[in-house]
Amino acid sequence: MAMLFKLEGDDELLFIASEADLVNELDSLISSDEDVLIDSLGEVYKVQAGSNLDTAFTAQHRALTLEEVTSLIQAHEFALAQVCIIKIQFTSIHEAIQALRHSL
């Protein structure tokens, strides 16, 4: 289930390895209607927290390209000032998401 959680207005990305991780993150965050999940195919889902702690995920019918996901990860790493962003390159979106898992 590996996904990226992109918060509105923030370059930091959260790596989500499982449904339990997602539930924990959603419980601890003040969410925005502009927060999105990105799956390993680049598909984007809006996160909509409802009442009674229910959360819905709405497919945006838009897939990010490998270049767009790479740019998000470069911005994330730049914000953390940990890696030279020029060296960040991937061959697939799945590989990009997994790389974030290993950087945490």
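We use all heavy atoms of the structure for the numbers below, so side chains are in, but hydrogens, waters and symmetry mates are not. Along the sequence shown, the residues carry numbers beginning at 1. Bear in mind the structure is a predicted one, so any value in this text is a computation, not a measurement.
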Engineer: Output all residues satisfying side-chain contact (heavy atoms from CB on, under 4.5 Å) with A63, sequence neighbours left out; order by chain, then residue number.
Structural biologist: E43
Engineer: Determine the minimum heavy-atom distance between A96 and I73, stating which atoms define it.
Structural biologist: O-CD1, 3.2 Å
Engineer: What distance separates I16 CD1 from N24 CG, expressed to the nearest 0.5 Å?
Structural biologist: 9.0 Å
Engineer: Test I38 against L64 for side-chain contact (heavy atoms from CB on, under 4.5 Å), laying out the working first.
Structural biologist: CA-CA 8 Å; I38 304 163; L64 298 179; 3.5 Å; yes
Engineer: Quick one: does M3's side chain get under 4.5 Å of Y45's, heavy atoms only?
Structural biologist: yes
Engineer: Test of understanding: with salt bridge (Lys or Arg N to Asp or Glu O under 4.0 Å), list the residues that count as partners of E95, not counting sequence neighbours.
Structural biologist: none
Engineer: E67: which residues meet the side-chain contact (heavy atoms from CB on, under 4.5 Å) condition with it, sequence neighbours left out?
Structural biologist: T65
Engineer: May I ask you to test the L37-V44 pair for a side-chain heavy-atom distance under 4.5 Å?
Structural biologist: no
Engineer: Can you measure from CZ (F90) to CD (Q98) and round to the nearest 0.5 angstrom?
Structural biologist: 11.0 Å
Engineer: Suppose the criterion is side chain to side chain donor-acceptor pair (under 3.5 Å): which pairs have a residue in residues 9-21, not counting sequence neighbours?
Structural biologist: none
Engineer: Quick one: does any side-chain atom of H94 pair with a main-chain N or O of S40 as donor and acceptor, under 3.5 Å?
Structural biologist: no
Engineer: Restricting to side-chain contact (heavy atoms from CB on, under 4.5 Å), what partner residues turn up for S32, sequence neighbours left out?
Structural biologist: E8, E34, D35
Engineer: What pairs with L26 under side-chain contact (heavy atoms from CB on, under 4.5 Å), at least two apart in sequence or on another chain?
Structural biologist: F5, L22, V47, T55, F57
Engineer: Using a 3.5 Å distance criterion without hydrogens, assess whether the side chain of Q60 forms a donor-acceptor pair with backbone atoms of T58.
Structural biologist: yes
Engineer: Would you say the side chain of L72 lies within less than 4.5 Å of the side chain of L13, judging by non-hydrogen atoms?
Structural biologist: yes
